[in-house]
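Worksheet: the structure to be examined is printed underneath.
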Protein chains: 2
Amino acid sequence: MKLSNGVEWALHCCVSLSQGHEAVPAARLAELHGVPAAYLAKHLQALARGGVVTSSPGQVGGYTLARAPGEITVLEVVTAVDGDEPTFRCREIRQNGPLAAPLEQCSRWCAIARVMADAETAWRSSLAAISIADLAEAIDDDSHGTAMRDVRGWLMSR
Amino acid sequence: MKLSNGVEWALHCCVSLSQGHEAVPAARLAELHGVPAAYLAKHLQALARGGVVTSSPGQVGGYTLARAPGEITVLEVVTAVDGDEPTFRCREIRQNGPLAAPLEQCSRWCAIARVMADAETAWRSSLAAISIADLAEAIDDDSHGTAMRDVRGWLMSR
DNA sequence: GGGGCGCTACTCGGATACTGTATGTCCGAGTCGCAGCGG
DNA sequence: CCGCTGCGACTCGGACATACAGTATCCGAGTAGCGCCCC
């Protein structure tokens, strides 16, 4: 079970976007994070589709957070980029083979699927408890208060 | 983030194995669950490598649970089949670009990686709380006590 | 009749093709800002 | 001097190649059981 690395890029981009009020083009975000611009654009489009960021075309266009940083959870970003399909897809193999379970016993999910779904819920809850604002604060603390200030300055310049 | 469907097969196989004391060949497990035998064998090998089941060659060989069903957790099965790499691999992009974080601030993990790791820990804990015996009991309850009895009977026959 | 030996059949295990998803890239459609022109 | 219009440049958005991992399969190495032969 591997998570697309686009998730990491998207989270960093959201944190950066939370530091400026102007729209930031995809190319500029790519430069800031040192990642391929064309590919990052793809993930930003996914964020836009997911309602995490809003895009504006034109000469001074770019991406902006759709809501306040404290109102956007990490889970939303992950879901927007990675898709909202469940990680475990039950193929109902209990209905296969010589001992196939009768259909009337399959009204509930398979016990295995329930366990996996519970685990996924725990994972999602953990991600939903953290907001972009929390991330920005944590990163700022790690850098003793310089990282976010530098990002703000860099976004302002040019 | 998608989980290999081999995980589902492996869990079902472990539950079935918990019902019989004889070694069960891969082909027989495949027949029981209605899945391709050659492919299932691959996953059973992974379970053997992970120490979840033990394999015995020869005419009456096959697979057996390596420990008591209550002592094997779902997490072990998932890890054995899917690999134990973390779902989120931090590429340290904070060290990229014009505002690269200095190395002395990177002694700890990136804040984003920490959040993802916490979520994964929650997921793993949830899976580690359930054993194969728990699964077998839950499946039995769903079928009003017939499913595991049928499996035992089918494994005895032939 | 008992013990030893060889054969056979069955098992797992890893090496080998194929498919789908993630990765990476590109060019076209659309929009906003700015400069130039006319009133 | 002010407003309108046309142009240009920049933006996003989706369509297009490529690389890798999951899917599916096969055949060879090894072992245990069984029957046969010899004593």
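Below, chains carry the letters A, B, ... as their sequence lines are ordered, and counting in each starts from 1. The basis for the numbers below is simple: all heavy atoms, side chains too, and nothing from hydrogens, waters or symmetry mates.
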Scan the side chains in residues 80-90 of chain A for donor-acceptor partners under 3.5 Å anywhere in the protein, sequence neighbours excluded, and list what turns up.
| residue | atom | partner | partner atom | Å |
| --- | --- | --- | --- | --- |
| A:Asp82 | OD1 | B:Met1 | N | 3.1 |
| A:Asp82 | OD2 | B:Met1 | N | 2.1 |
| A:Thr87 | OG1 | A:Glu120 | OE1 | 3.0 |

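The side-chain contact (heavy atoms from CB on, under 4.5 Å) check on B:Thr73 picks up B:Leu75, B:Glu76, with sequence neighbours excluded. Residues passing the salt bridge (charged side-chain N to carboxylate O under 4.0 Å, His left out) test with A:Glu71, sequence neighbours excluded: none. Not counting sequence neighbours, A:Arg152 has no partner by the salt bridge (charged side-chain N to carboxylate O under 4.0 Å, His left out) test.
For DNA chain C, none of the residues of residues 80-95 of chain A falls under the heavy-atom distance limit of 4.0 Å.
Checked for salt-bridge contact, B:Arg114 and A:Asp142 meet the test: a charged N lies under 4.0 Å from a carboxylate O.
Proximity of A:Asp140 to A:Arg149: side-chain heavy atoms (C-beta onward) are nowhere separated by under 4.5 Å. Contact check for B:Val77 versus B:Ile132: side-chain heavy atoms found under the 4.5 Å cut-off.
Put simply, CG on A:Leu3 is 17 Å from P on C:dT21, counting in whole angstrom units. Residue B:Lys2 contributes atom NZ, which lies 8 Å from atom P of C:dA22 at whole-angstrom precision. The CD-C1' distance, from B:Glu22 to D:dA32, rounds to 14 Å in whole Å. Here the C1' atom of nucleotide C:dG20 and the CG atom of B:Asn5 are 13 Å apart, to the nearest Å. Rounding to whole angstrom units, CD of residue B:Glu31 and P of C:dT11 are separated by 12 Å.
In terms of phosphate contacts, A:Tyr39 brings no side-chain nitrogen or oxygen within less than 4.0 Å of OP1 or OP2 of C:dT25.
No side-chain N or O of B:Thr121 forms a donor-acceptor pair with one of B:Asp118 less than 3.5 Å apart.
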>> Return a single string for nucleotides 9-20 of chain D, one symbol per nucleotide in 5' to 3' order, where B is base contact, S is sugar-phosphate-only contact and - is none, cutoff 4.0 angstrom on heavy atoms.
In response: -SSSBBB-----
